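Positions are given from 1, in the same order as the sequence printed here. In this text the structure is predicted, and so the values were computed from the model without any measurement.
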Amino acid sequence: MAYFKVAFGFLVTAFLSAAVSLAHPGLGFGWGGVGVPGGQSGAPSYGLFPQFHQFSCPQAEDIVMSVLEKAIAKEPRMAASLLRLHFHDCFVQGCDASILLDNSATIVSEKNSLPNKNSVRGFEVIDEIKARLEEACPQTVSCADILAMAARGSTVLSGGPSWELPLGRRDSKTASLSTSNNNIPPPNSTLQNLITLFQRQGLDEVDLVALSGGHTIGVARCATFKQRLYNQNGNNLPDQTLERTYYYGLKSVCPKSGGDNNISPLDFGSPVKFDNLYFKLILWGKGLLNSDEVLLTGNVGNTMELVKAYAKDENLFFKQFAKSMIKMGNISPLTGFNGEVRKNCRLVN
């Protein structure tokens, strides 16, 4: 019995030491394996784990959720905007909050890339969360972790799944406009192009289809689907896969010339509810973007089967969406002594 007490005591001490060491790398005990993201051979490595802020900022999750609840109640579309911010961040330099940096003497902001300009939004909500967290726990919770928590919270508040979220990301001191232009999948992508861009991030076909299901909430600008209405294949004809009444409805929102910033819901049946209707609409020829439609008609891999499976079984979709969000949130995080914890998400310290 005494042996078990000693062993248990050692495990508790080891966990607490590791948690303190990870939250405050300067207090390192020299423990840690090799091969955890951010780790370097021969040096202690610092991975992401859900309890990262348990001692350094136990109220972090409550603060994030209270700001989100207010923002999404005021404007339900904000949930989709915050989910998209996390996605557009992770696909560039990894999940490092580079997307939040404004132009400065040393930074060329990703906010001006083709996928982001006049399109990404939600920065003021992130600013408010950061300000509240800085008040409660100065320079403890990174902007990169805030983006990950805001994406999960937005999903939950829209009626979607939750997941145990690994934390401990740190913030970049750089941004990359060119990588933002090259790595974020465009709305007119072919299926092969989508698969390639996701594979570049270590994400497979299952992740591609599940994460595309994030389009169950939110809207898109006319500029992103105009080609489908008027000139899909360079022959001045619409995309033949569009269901006819849906096509006429979109034409009324998105004229041939002008109206680029007019918006249409990605899932017109339940635009602010996180559900599996997005996949059903694709099966009915009512997916809004080319990148939605090709998941069914692209004839590469198993994406068609996955669309059908998620359309049939919402629970299956929710489970996979949660898994794929964790996987995406783990793309190349900065940990340990890499990067920093910004005081203001828009500026390097």
Asker: Nearest 0.5 Å, please: how far is CG in Asn338 from OG in Ser332?
Answerer: 11.5 Å
Asker: Keeping the roles fixed (side chain from Ser109, backbone from Asn112), state whether a donor-acceptor pair exists under 3.5 Å.
Answerer: no
Asker: Can a donor-acceptor pair be found, under 3.5 Å and without considering hydrogens, that links the side chain of Asp313 to the backbone of Asn315?
Answerer: yes
Asker: Got Asp207 and Gln320 here, is their nearest side-chain heavy-atom distance under 4.5 Å?
Answerer: yes
Asker: Salt bridge between Glu164 and Arg152, side-chain N to carboxylate O under 4.0 Å?
Answerer: no
Asker: With a 4.5 Å cut-off on side-chain heavy-atom distances among I, L, V, M, F, W and Y, is there a chain of contacts connecting Met78 to Val272?
Answerer: no
Asker: So do the side chains of Thr174 and Ser98 get within less than 4.5 Å of each other, counting heavy atoms only?
Answerer: no
Asker: Surrounding CG of Asn349 (heavy atoms of other residues, nucleotides or ligands, distance under 6.0 Å), is the total greater than 12?
Answerer: yes
Asker: Go through it in stages, so that I can follow the logic: the residues are Leu295 and Ser212, the test is side-chain contact (heavy atoms from CB on, under 4.5 Å), and I'd like the CA-CA distance, side-chain angles, deciding distance and then a yes or no.
Answerer: CA-CA 9 Å; Leu295 298 176; Ser212 296; 3.6 Å; yes
Asker: So, does Asn262 use its side chain to make a donor-acceptor pair with the main chain of Val253 at under 3.5 Å?
Answerer: yes
Asker: To the nearest 0.5 Å, what is the distance between CG (Leu167) and CD (Gln54)?
Answerer: 11.0 Å
Asker: Examine distances only and state if a side-chain atom of Thr297 and a backbone atom of Glu293 form a donor-acceptor pair shorter than 3.5 Å.
Answerer: yes
Asker: So how far is it from Lys117 NZ to Leu177 CG, rounded to the nearest 0.5 Å?
Answerer: 9.5 Å
Asker: Any side-chain to backbone donor/acceptor pair from Asp145 onto Gly168? Under 3.5 Å, distance only.
Answerer: yes
Asker: I'd like a table of donor-acceptor pairs (distance under 3.5 Å, sequence neighbours excluded) in which one partner is a side-chain atom from residues 182-198, with atom names and distances.
Answerer:
residue : atom : partner : partner atom : Å
Asn182  : ND2  : Ser178  : O            : 3.1
Asn183  : OD1  : Arg200  : NH1          : 2.7
Asn183  : ND2  : Phe91   : O            : 3.2
Ser189  : OG   : Pro186  : O            : 2.6
Ser189  : OG   : Asn193  : ND2          : 3.4
Thr190  : OG1  : Asn193  : N            : 3.1
Gln192  : NE2  : Thr196  : OG1          : 3.4
Thr196  : OG1  : Gln192  : O            : 2.9

Asker: Return yes if a side-chain donor-acceptor contact under 3.5 Å exists between Asn116 and His88, otherwise no.
Answerer: yes
Asker: Does the side-chain contact (heavy atoms from CB on, under 4.5 Å) test come out yes or no for Ile126 and Leu82, once each step is laid out?
Answerer: CA-CA 9 Å; Ile126 300 297; Leu82 293 168; 3.9 Å; yes
Asker: Can you tell me how far NE2 of His215 sits from CG of Leu289, rounded to the nearest 0.5 angstrom?
Answerer: 6.0 Å
Asker: Between Phe268 and Val307, is there a shared hydrophobic cluster once you connect ILVMFWY residues whose side-chain heavy atoms come closer than 4.5 Å?
Answerer: yes
Asker: Please evaluate residues Phe318 and Phe321 with respect to the criterion ring pair (Phe, Tyr, Trp, His ring centres under 6.0 Å), reporting the C-alpha separation (whole Å), side-chain torsions for both, the decisive distance (0.1 Å), and the verdict.
Answerer: CA-CA 5 Å; Phe318 277 18; Phe321 184 80; 8.0 Å; no
Asker: As an exercise, state the distance from CH2 of Trp284 to CG of Leu242, rounded to the nearest 0.5 Å.
Answerer: 15.5 Å
Asker: Taking it one step at a time, do Arg77 and Val219 satisfy side-chain contact (heavy atoms from CB on, under 4.5 Å)?
Answerer: CA-CA 8 Å; Arg77 176 189 164 197; Val219 301; 3.3 Å; yes
Asker: Quick check against the 3.5 Å criterion: does Lys130 have a side-chain atom that pairs as donor or acceptor with the backbone of Val141?
Answerer: yes
Asker: Nearest heavy-atom pair of Pro161 and Val156: which atoms, and what distance?
Answerer: O-CG2, 3.5 Å
Asker: Honestly curious: do Phe274 and Ile326 fall in one hydrophobic cluster under the side-chain, below-4.5 Å linking rule?
Answerer: yes
Asker: How far does CG of Leu250 sit from NZ of Lys226, to the nearest 0.5 angstrom?
Answerer: 12.5 Å
Asker: Please confirm whether the ring centroid of Tyr230 lies under 6.0 Å from the ring centroid of Phe225.
Answerer: no
Asker: When you compare the side chain of Met304 with that of Leu283, does any pair of heavy atoms fall below 4.5 Å?
Answerer: no
Asker: Check for me, please, whether Trp163 and Val206 land in the same ILVMFWY cluster - side-chain distances under 4.5 Å, paths through other members count.
Answerer: yes
Asker: Looking at Pro166 and Leu48, what are the two nearest heavy atoms and their distance?
Answerer: CB-CB, 3.7 Å
Asker: Does the side chain of Lys327 reach to within under 4.5 Å of the side chain of Asp204, using non-hydrogen atoms?
Answerer: yes
Asker: Is there side-chain contact between Thr241 and Arg228, with heavy atoms separated by less than 4.5 Å?
Answerer: yes
Asker: Determine whether Thr303 and Val294 satisfy the following criterion, side-chain contact (heavy atoms from CB on, under 4.5 Å), listing intermediate values before the conclusion.
Answerer: CA-CA 9 Å; Thr303 61; Val294 293; over 6 Å; no
Asker: Scan side-chain atoms only and decide if Asp239 and Gln227 contain a donor-acceptor pair under the 3.5 Å cut-off.
Answerer: no
Asker: Is the closest side-chain heavy-atom distance between His86 and Met328 below 4.5 Å?
Answerer: yes
Asker: Any sub-3.5 Å donor-acceptor pair from Ser158's side-chain atoms to Gly160's backbone N or O?
Answerer: no
Asker: Do Arg342 and Asp96 meet the salt-bridge criterion of a basic N to acidic O distance under 4.0 Å?
Answerer: no
Asker: How about Ser119 and Arg84: do any of their side-chain heavy atoms sit closer than 4.5 Å?
Answerer: yes
Asker: Under a 4.0 Å N-O cut-off, is there an ion pair linking Arg221 with Asp260?
Answerer: no
Asker: Donor-acceptor pair, Arg169 side chain versus Gly94 backbone, under 3.5 Å?
Answerer: no
Asker: Is the closest basic N to carboxylate O distance between Asp102 and Lys111 below 4.0 Å?
Answerer: yes
Asker: Using a 3.5 Å distance criterion without hydrogens, assess whether the side chain of Asp171 forms a donor-acceptor pair with backbone atoms of Ser142.
Answerer: no
Asker: Side chains of Ser66 and Arg132: closer than 4.5 Å at any heavy-atom pair?
Answerer: yes
Asker: If Ile, Leu, Val, Met, Phe, Trp and Tyr residues are connected whenever their side-chain heavy atoms lie under 4.5 Å apart, and connections chain through other members, are Leu100 and Met149 in the same group?
Answerer: yes
Asker: Using the rule side-chain contact (heavy atoms from CB on, under 4.5 Å), only one of Ile129, Asp89, Leu83 pairs with Leu147; which is it?
Answerer: Asp89
Asker: Indicate yes or no: does Arg121 engage Glu75 in a salt bridge with an N to O separation below 4.0 Å.
Answerer: yes
Asker: Answer yes or no: is there an ion pair linking Asp127 with Arg346, defined by an N-O contact shorter than 4.0 Å?
Answerer: yes
Asker: Under the side chain to side chain donor-acceptor pair (under 3.5 Å) rule, what pairs show up with a residue in residues 274-283, not counting sequence neighbours?
Answerer: Thr216-Asp275, Ser270-Asp275, Tyr278-Asp292
